[in-house]
Amino acid sequence: MKQLLFEEDRQFWFETLRLFGHAAYGGSDFGEVLAAASSVTAGDYDSWHDAYRALADRLYAEAADAGPVTARDLLLRASTYYFSSEFFLHGDPADPRIAAAYDRSVECFRRAQVAEPVEIPYDGTVLRGYLYRAPGAGPKPVLIMHNGFDGSAEELHFMGAATGAERGYHVLTFDGPGQPSAVRREKLVFRPDWEHAVTPVVDFVLGLDGVDPARIALLGVSLGGMLAPRAAAFEPRLAAVVAVDGVYDAGAAVTSTLPWPREEIARRARAEHDEEFDALLAAGRQASPTLRWACDHGRYVLGAATDREFVAKYLEYTLEGGVAEKIACPTLVCEAADDLFFGGETETEPRRLYAHLNAPKTLMTFTAEEGADAHCHVGAQRLAAGRIYDWLDRTL
């Protein structure tokens, strides 16, 4: 898809497109996003925060005097904009604007009352999420959804959770370790052995009324396209898994930008000192808006003190070593034709994952002609949700 704004900053454009896409299920309004984006300076994180914080504050105030339906709609959009306002600030986790905006985002989403908040027992604490119940009697299939490197359980409402109930699915969304509520509330950073997060969620689902235990599916978004298949390799109670989009080796997003083989990168990233590597990452930050943001956010959510330590930890997020081959349930691998993060020059990450699967498998490609070629097809969320749920209908 042609880049219409922020021509020199693909990361700002992608996040703007992501906001545009949430309009499909009420998470934004096109004109609101366009107006806010017009006041943002490319690469200026403060201007991004100020524009979306002001927009969110305006909708939040308007909701106080609105009728119930209007207030719900205003609060859902405000939730999106509050979350987006702090998106680029994680280079300094102590920045008070992060908690202020995130807390208000969750408040708005919960006040909108579109899903039931849940707390899932996990490792002496809880994972937070939302339950959407399908109407009608009888046991229903369940779709468990989680986000990826930087998205939230609340955002999943606009990425398929909202439409599950009308299609006959109970939907459970949750934040796992490293994801917003877990890293902010419980200080839980990401872990690559994602089955340790998903297994307690499956336990929780099986304790709910009206669930068909033979029809439990798992869907992961973005980095979740590696995490969900990883969990499926070790959680036999899943009847299907969906990777949106598929990722075989998440570290490829970083290693592809560096001049050494993967093994050399891993060795140097773990070394006590490597001034050449540090200098290379510093230069990369200056040249690539995406690497700058990824390192800032990655240190925050992986618990890394430096950019190089982030790279070392991120290289653990892979399905290499026979993990992908262990998946037994039917697997849907989604692919975006122009993926900002996992496209690959010779072979995309979705196709690498697909090639390593022994389970029944489907590759679903989204294209520029459909307006769906961006990472996780954020510009065509209704199209994507329809195709994914139809696949689940056929599979389950």
Side-chain angles (χ1 to χ4, degrees), residues 120-127 129 141-149 153 156 171-179 182-183 186 188-208 211-252 301-303 313-334 342 349-350 352-363 388 391-392 395-396:
I120 301 161
Y122 170 79
D123 199 20
T125 182
V126 296
L127 301 177
V142 181
L143 178 60
I144 300 169
M145 298 179 67
H146 61 75
N147 222 310
F149 186 60
L156 291 171
V171 178
L172 180 74
T173 64
F174 76 97
D175 280 337
Q179 295 174 332
V183 74
E186 312 299 335
L188 297 173
V189 296
F190 269 110
R191 57 187 301 169
D193 52 350
W194 199 246
E195 65 273 14
H196 286 282
V198 168
T199 290
V201 178
V202 175
D203 292 341
F204 181 84
V205 164
L206 290 171
L208 298 171
V211 167
D212 182 348
R215 293 188 291 165
I216 299 174
L218 175 67
L219 182 151
V221 176
S222 193
L223 179 61
M226 173 262 146
L227 296 172
R230 161 75 199 207
F234 299 98
E235 177 44 80
R237 294 173 294 180
L238 294 173
V241 63
V242 181
V244 185
D245 292 328
V247 179
Y248 183 65
D249 174 26
V301 296
L302 271 73
K313 289 178 177 290
Y314 198 58
L315 292 179
E316 299 174 10
Y317 291 77
T318 178
L319 299 174
E320 295 175 324
V323 175
E325 288 81 355
K326 293 181 186 294
I327 299 170
C329 63
T331 304
L332 172 60
V333 179
C334 296
F342 298 115
E349 284 303 306
R352 291 183 72 195
L353 171 57
Y354 183 80
H356 282 269
L357 293 171
N358 294 324
K361 59 186 179 179
T362 303
L363 180 68
I388 289 167
W391 180 88
L392 287 169
T395 302
L396 299 180

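- With contacts defined as side-chain heavy-atom distances shorter than 4.5 Å, the pair V205/I144 qualifies.
- Counting heavy atoms from C-beta outward, L127 and P200 have side chains that stay 4.5 Å or more apart.
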Inset, instruction - Assess whether side-chain contact (heavy atoms from CB on, under 4.5 Å) is satisfied between V126 and I120, documenting all intermediate values. - result: CA-CA 5 Å; V126 296; I120 301 161; 5.9 Å; no

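- Separating the CG atom in L315 from the CG atom in D249 is a distance of 7.5 Å, to the nearest 0.5 Å.
- The shortest non-hydrogen separation linking A359 to T331 is CB-OG1, 4.4 Å.
- Taking the ring centre of F190 as origin, the terminal cationic atom of K313 falls outside the region bounded by 6.0 Å and 45° from the ring axis.
- A search for side chain to side chain donor-acceptor pair (under 3.5 Å) contacts involving R191 returns Y122, D193, not counting sequence neighbours.
- For the residue pair G148 and S222, the shortest heavy atom distance occurs at CA-CB, 4.4 Å.
- To the nearest 0.5 angstrom, T362 atom OG1 is 6.0 Å from L332 atom CG.
- W391 and V241 get closest at one heavy-atom pair: CH2-O, 4.0 Å.
- Note: H356 and Y248 have parallel aromatic rings, judged against thresholds of 30 and 60 degrees for the angle between ring planes.
- In this structure a side-chain-to-backbone donor-acceptor pair under 3.5 Å is missing from Q179 to A153.
- We find the CG-CG distance between L208 and L172 to be 7.0 Å, quoted to the nearest 0.5 Å.
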Inset, instruction - Report the C-alpha distance between V333 and L357 in whole Å, list the side-chain angles of each, state the deciding distance to 0.1 Å, and finish with yes or no for side-chain contact (heavy atoms from CB on, under 4.5 Å). - result: CA-CA 10 Å; V333 179; L357 293 171; 3.8 Å; yes

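- The shortest distance between side-chain heavy atoms of V198 and L227 does not fall below 4.5 Å.
- Considering every non-hydrogen atom in both D245 and P350, the closest pair reads CB-CG, 4.3 Å.
- Taking the salt bridge (charged side-chain N to carboxylate O under 4.0 Å, His left out) definition, one finds that E320 meets it with R352, sequence neighbours left out.
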Inset, instruction - Any chance you could lay out the side-chain contact (heavy atoms from CB on, under 4.5 Å) test for D203 and R237, step after step, and finish with the verdict? - result: CA-CA 10 Å; D203 292 341; R237 294 173 294 180; 2.7 Å; yes

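- Rounding to the nearest 0.5 Å places CG of L218 at 4.5 Å from NE2 of H146.
- Put simply, the residue from P141, P330, C329 that forms a side-chain contact (heavy atoms from CB on, under 4.5 Å) with T395 is P330.
- Residues F342 and L353 have side chains not in contact (no heavy-atom distance under 4.5 Å, counting atoms from C-beta outward).
- A distance-only check finds no donor-acceptor pair linking the side chain of D175 to the backbone of A182 [under 3.5 Å].
- The nearest pair of heavy atoms linking A243 to P229 is CB-CG, 4.0 Å.
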Inset, instruction - Begin from the C-alpha positions of V171 and M145 and carry the test side-chain contact (heavy atoms from CB on, under 4.5 Å) through to its verdict. - result: CA-CA 7 Å; V171 178; M145 298 179 67; 3.8 Å; yes

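- At most 12 heavy atoms of other shown residues, nucleotides or ligands fall within 6.0 angstrom of atom NZ in K326.
- Contact of the R230 side chain with the L319 side chain is registered, since non-hydrogen atoms from C-beta on lie closer than 4.5 Å.
- Taking every heavy atom of both residues into account, F204 and P121 meet most closely at CD1-CD, 4.2 Å.
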